[in-house]
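Since this is a predicted model, take the numbers as computed values, not measurements.
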Amino acid sequence: MNIGIEGQRLFRKNKHGMDMVALELIKSLQVLDKENQYYVFVKPDEDSSVLKETSNFKIVKIDSGPYPVWEQYALTRAAKKYNCDILHCTSNTAPLFGSTPLITTVHDIIYLERKSLKILTSNATRYQKMGNMYRKLVVPYAVKKSKRVITVSDFEIKQISYFFGFSGNNKLRSIYNGVSEHFRVLKDETELLEIKEKYGLPDKYIFFLGNTVPKKNTKGTLKAFSRFIAQTNSDYKLVISDFSYDHLEKLLVAIGNQELINHIVLTGYVVNTDLPAIYSQSSLFLYTSLRESFGLPMLEAMACGTPVISSNTSSIPEVAGDAAHLVNPFEPQEIADGIVKVLNDEKYRKKLVSSGLERSKVFSWKNMANQVLDLYKETYEEINA
């Protein structure tokens, strides 16, 4: 088979969830499959060292304007040029024209769900709104055109099946994400100190992956942390990654507590390989999203031996199992109470750490890549039957 994989954002410096999933899939396939020929289609950017070519994996750089133009025009042409038998699009959307058979990974359809639109559009940036509009236009047609649709949880299977009427349809498959091997309990004091100094980490802190996407619930989490500080007079800091000072100021004004900034440390963007040291030195990881299709960061924190407070909504209970303290993310007081319990109840805390370490072992990129490779073979055989 000649297999094309869309990895448009893989070489950008500041990679996030879907980018890392695609990258780990490709790296695992490079180890597993020495038989088929792969073409990884990327947009040129500054982090090109993140992925290397192998004997049967060729990196094809396509520089062709903004994402819609790149995907709908340039990617279609490239897949045809390299005679791809299958084109796997990894980030929700896909080309609507062209003859190459498609497999599309649809991580979630929150942008299509009427009940979720308020979560998604509340305080969204112009860039985020444009992205959601593009997905809203393209995804229904991409799903219809695709030979197979991959999603990342049973929860999302139900959402997609309900929306598109896929009941009993063999087209839709759930394949879990994995946890990278560098996420582990770190005890090397030199390494830990280096990361502590690099990001200005305090001695005692709670970690939260900041994000301007409304579904990440940054505003609600700040409300909860504000109540925790007011109720306990604690000296814990809240460390927030990938978040700007200006945006934080606006949210603190919105919740009526600008003084909370004295209890917050902003790290800026954190390189993925630095995350284990930040998790390992954190007393607690907050993953209080309103809506998720999977929830990879909480598994990464668990693998580092960090107790997790997460949400009781969407896919999160399915992925977390009994290894996280689950709260209603719409209730700041419930989050605050959870923080107090996990920090102060040593027996319960140890249980979360132990359960988290075991839970994180369930999810591997190798297993994920094996299932995707099987799906490639199944789709190819069906096309050529």
Side-chain angles (χ1 to χ4, degrees), residues 1-11 15-42 47-61 75 78-79 82-92 94 100-107 146-154 156-157 170-184 272-273 276 293-294 296 299-300 303 319 359-385:
M1 284 185 289
N2 286 341
I3 301 167
I5 300 180
E6 171 272 317
Q8 197 259 13
R9 294 183 290 259
L10 291 185
F11 284 1
K15 284 178 278 293
H16 294 96
M18 289 189 294
D19 312 328
M20 296 308 301
V21 171
L23 181 61
E24 294 291 354
L25 168 64
I26 294 165
K27 286 182 174 181
S28 296
L29 286 170
Q30 286 180 320
V31 175
L32 289 170
D33 189 3
K34 305 297 183 181
E35 178 182 348
N36 297 295
Q37 177 63 46
Y38 289 83
Y39 299 95
V40 183
F41 301 111
V42 304
D47 195 21
S48 59
S49 63
V50 74
L51 185 66
K52 300 296 184 183
E53 289 187 340
T54 60
S55 60
N56 62 325
F57 276 76
K58 179 177 177 59
I59 296 172
V60 180
K61 296 179 181 179
L75 180 60
Y82 288 94
N83 298 311
C84 292
D85 297 302
I86 293 170
L87 175 61
H88 180 188
C89 293
T90 65
S91 306
N92 287 330
T100 306
L102 290 175
I103 293 176
T104 304
T105 296
V106 178
H107 290 266
S146 297
K147 297 296 182 183
R148 293 289 186 275
V149 175
I150 299 171
T151 192
V152 293
S153 64
D154 293 341
E156 208 62 43
I157 282 273
N170 190 46
K171 183 175 188 173
L172 185 60
R173 302 293 176 82
S174 172
I175 301 177
Y176 284 145
N177 294 326
V179 180
S180 302
E181 292 182 358
H182 64 278
F183 288 99
R184 65 192 190 283
N272 186 264
T273 50
S293 59
F294 187 75
L296 183 55
L299 292 176
E300 294 172 345
V319 176
R359 184 62 178 169
S360 65
K361 294 175 184 177
V362 173
F363 303 87
S364 76
W365 293 119
K366 180 181 178 181
N367 186 45
M368 181 249 212
N370 269 316
Q371 292 181 70
V372 172
L373 181 56
D374 286 343
L375 199 62
Y376 291 163
K377 294 174 181 177
E378 176 188 308
T379 305
Y380 179 78
E381 289 170 1
E382 180 182 290
I383 293 168
N384 292 279

S28 OG to I26 CD1 distance, which is reported to the nearest 0.5 Å: 10.0 Å
For the pair K34 (side chain) and Q30 (backbone), establish whether a donor and an acceptor sit closer than 3.5 Å, ignoring hydrogens and angles. yes
Quick one: closest heavy-atom pair of S91 and E6, and the distance? N-OE1, 3.5 Å
Between OH of Y376 and CD1 of I3, what distance do you get to the nearest 0.5 Å? 6.0 Å
Given side chains that start at C-beta, do those of L375 and H88 come closer than 4.5 Å, heavy atoms only? no
For residues C89 and L75, report the shortest heavy-atom separation together with the two atoms involved. SG-CD2, 4.2 Å
Distance in Å, L296 CG paired with S180 OG, rounded so as to fall on 0.5 Å steps: 7.0 Å
Enter the distance from R9:CZ to K15:NZ here, rounded to the nearest 0.5 Å. 11.5 Å
Those residues that, when tested against D33, pass salt bridge (Lys or Arg N to Asp or Glu O under 4.0 Å) (two or more places apart): none
E378 and R173 ion-paired at < 4.0 Å: yes
Before you tell me yes or no, could you show the steps for K147 and I86 under side chain to side chain contact (heavy atoms under 4.5 Å, CB included), namely the whole-Å CA-CA distance, both residues' side-chain angles and the distance that decides it to 0.1 Å? CA-CA 9 Å; K147 297 296 182 183; I86 293 170; over 6 Å; no
Minimum heavy-atom separation for K171 to S146, with atom names? CE-O, 2.5 Å
Please tell me if the side chains of Y38 and I5 come closer than 4.5 Å, counting only heavy atoms from C-beta onward. yes
A side-chain contact here means heavy atoms from C-beta on lying under 4.5 Å apart; do L23 and V50 qualify? yes
Looking at CD1 of I175 and OG1 of T105, how far apart are the two atoms once the value is rounded to the nearest 0.5 Å? 7.5 Å
Which pair of non-hydrogen atoms, one from I103 and one from T379, has the smallest distance, and what is that distance? CD1-OG1, 3.7 Å
For residues P276 and H182, report the shortest heavy-atom separation together with the two atoms involved. CG-O, 3.2 Å
Rounded distance (nearest 0.5 Å) linking atom OG1 of T90 with atom CZ of F41: 12.5 Å
Minimum heavy-atom separation for L32 to K366, with atom names? CD1-O, 3.8 Å
